[in-house]
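Right, one structure below, let's go through it.
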Amino acid sequence: MVKLAPSVIAADFGRLAEQMCAVEHAGADVVHFDAMDGCFVPNLSIGPMVLEAVRRATRLRIDAHLMIEAPERYIDAFAKAGADTIVVHVEATPHLHRAIEQIKHLGKLAGVAVNPGTPAFQLEAILGSVDQVLVMTVNPGFGGQRFIRPMLHKIEAVRRMIGSQAIELCVDGGVDAATARDAVSAGADVLVAGTAVFSHPNGVAAAIAQLRESASKH
Ligand code: DX5
Ligand code: ZN
């Protein structure tokens, strides 16, 4: 079954714990935690201290998506704060294999993310070392952007590359009831959704149910 991963940065930070409980009770599978440094992406978001608060608020798996230049500097801090998965960008470090090994030595699941402009073949050398591939379907830095539909071909290509390996294919950016089905048809195992969940007019539970229904129609 496809996993749904609400993205924390789209939540109401004035009631973060409450919103984490809401997504957990609504049947979400993962909490997606977007850490942005203002260098790798043109936005500054949340860090390890906020992840500690999220950790206290939910039993769900927390995937920390590090949109951070030289992420090696912060992997230990996110692991200590309670992340279960730590995802670093192919584009963010010349020492990607070392960063992935650092994550695994801390006993965490390791993920690698690719921006829309990065071809799937750049995953070849690292694929056998990771637990998750995160395919960006928006240019990272902000929630609420439109799904970049040509990325569906990249999702299909990554699905072929993964083959029978136990690697999760996660899709992140612009996922909503209209795009969820296509992302799953292309090969997604995990759907990250921020705006579609936390800005849904009928609330979080309705949003999760609608995404679940859309994803099941693939
Ligand atoms: C963008 C982040 C995404 C984003 C998802 O840089 O990595 O996780 O917050 O939010 P929506 O679903 O609104 O695109
Ligand atoms: Zn993300």
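Keep in mind it's a predicted model, so treat the numbers as computed, not measured. Just so you know, ligand 1 is whichever comes first in the structure, and atom 1 is the first atom listed for that ligand.
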among protein heavy atoms, the one nearest atom 12 (O) of ligand 1 is G194 N, 2.7 Å

Contacting atoms of ligand 1, where contact means under 4.0 angstrom from a heavy atom of M136:
7 (O)

Within-4.5 Å side-chain heavy-atom neighbours: L109 and I86
no

Kindly assign one of parallel, tilted or perpendicular to the pair H65 and H89, based on the angle between their ring planes and the thresholds 30° and 60°.
parallel

State, with a plain yes or no, whether a side-chain heavy atom of I155 is found less than 4.5 Å away from one of H153.
no

Which of these, I68, V88, N115, sits in a side-chain contact (heavy atoms from CB on, under 4.5 Å) with F40?
N115

Atom indices of ligand 1 within 4.0 angstrom of G173 heavy atoms, with elements:
14 (O)

Non-hydrogen atoms of F147 versus ligand 1: any pair closer than 4.0 Å?
no

Just to check, does A10 reach to within less than 4.0 Å of ligand 1 when the distance is taken from its heavy atoms?
no

Which ligand 1 atoms are under 4.0 Å away from a heavy-atom of V192?
8 (O)

Got more than 12 heavy atoms from elsewhere within 6.0 Å of CZ, R73?
yes

Taking the side chain from E24 and the backbone from R59, do they hold a donor-acceptor pair closer than 3.5 Å?
yes

Going by the closest heavy atom to atom 10 (O) of ligand 1, which one wins out of S199, G143, A113?
G143

Looking only at protein heavy atoms, which one is nearest to atom 6 (O) of ligand 1, and what is the separation?
G141 N, 2.7 Å

For G144, atoms of ligand 1 separated by under 4.0 Å from a heavy atom:
11 (P), 13 (O), 14 (O)

Y74, OH atom: more than 12 neighbouring heavy atoms under 6.0 Å:
no

In the protein, what heavy atom is nearest to atom 1 (C) of ligand 1, and what distance, to one decimal place, separates them?
F142 O, 3.6 Å

Could you verify whether a donor N or O on one side chain and an acceptor N or O on the other, from Q102 and D76, lie under 3.5 Å apart?
yes

Angle at the Zn ion (ligand 2), OD2 of D172 to ND1 of H65, rounded to 10 degrees, please.
90°

Atoms of ligand 1 less than 4.0 Å from P140 heavy atoms?
6 (O)

Tell me if a side-chain donor or acceptor on T195 pairs with a main-chain N or O of G144 at a distance below 3.5 Å.
yes

Donor-acceptor under 3.5 Å (T179 side chain, F147 main chain):
no

Starting from atom 13 (O) of ligand 1, which protein heavy atom do you reach first, and at what distance in Å?
T195 OG1, 2.6 Å

Number the atoms of ligand 1 from 1 as they appear, then name those within less than 4.0 Å of a heavy atom of I9, with their elements.
9 (O)

Output the atom name for the N/O/S atom of D34 with the smallest distance to the Zn ion (ligand 2).
OD1

Mark yes or no for whether R212, through its side chain, and V2, through its backbone, hold a donor-acceptor pair below 3.5 Å.
yes

Check D176 against ligand 1 and report side chain, backbone, both or neither, counting heavy atoms closer than 4.0 Å.
neither

Only heavy atoms of G174, strictly under 4.0 Å: list the atoms of ligand 1 that pass.
11 (P), 12 (O), 14 (O)

Is there a side-chain contact between E156 and V158 in this structure, where contact means two heavy atoms from C-beta onward sitting under 4.5 Å apart?
no

Atoms in ligand 1 with a heavy atom of H65 nearer than 4.0 Å:
7 (O)

Atom 9 (O) of ligand 1: of V41, D63, D34, V8, the nearest heavy atom sits on D34

Side chain, backbone, both or neither: which part of A193 has a heavy atom under 4.0 Å from ligand 1?
backbone

Where is the nearest protein heavy atom to atom 3 (C) of ligand 1: which residue, which atom, and how far?
D172 OD1, 2.9 Å

Charged N-O contact under 4.0 Å between R160 and E124:
no

Does ligand 1 have an atom under 4.0 Å from some heavy atom of A196?
no

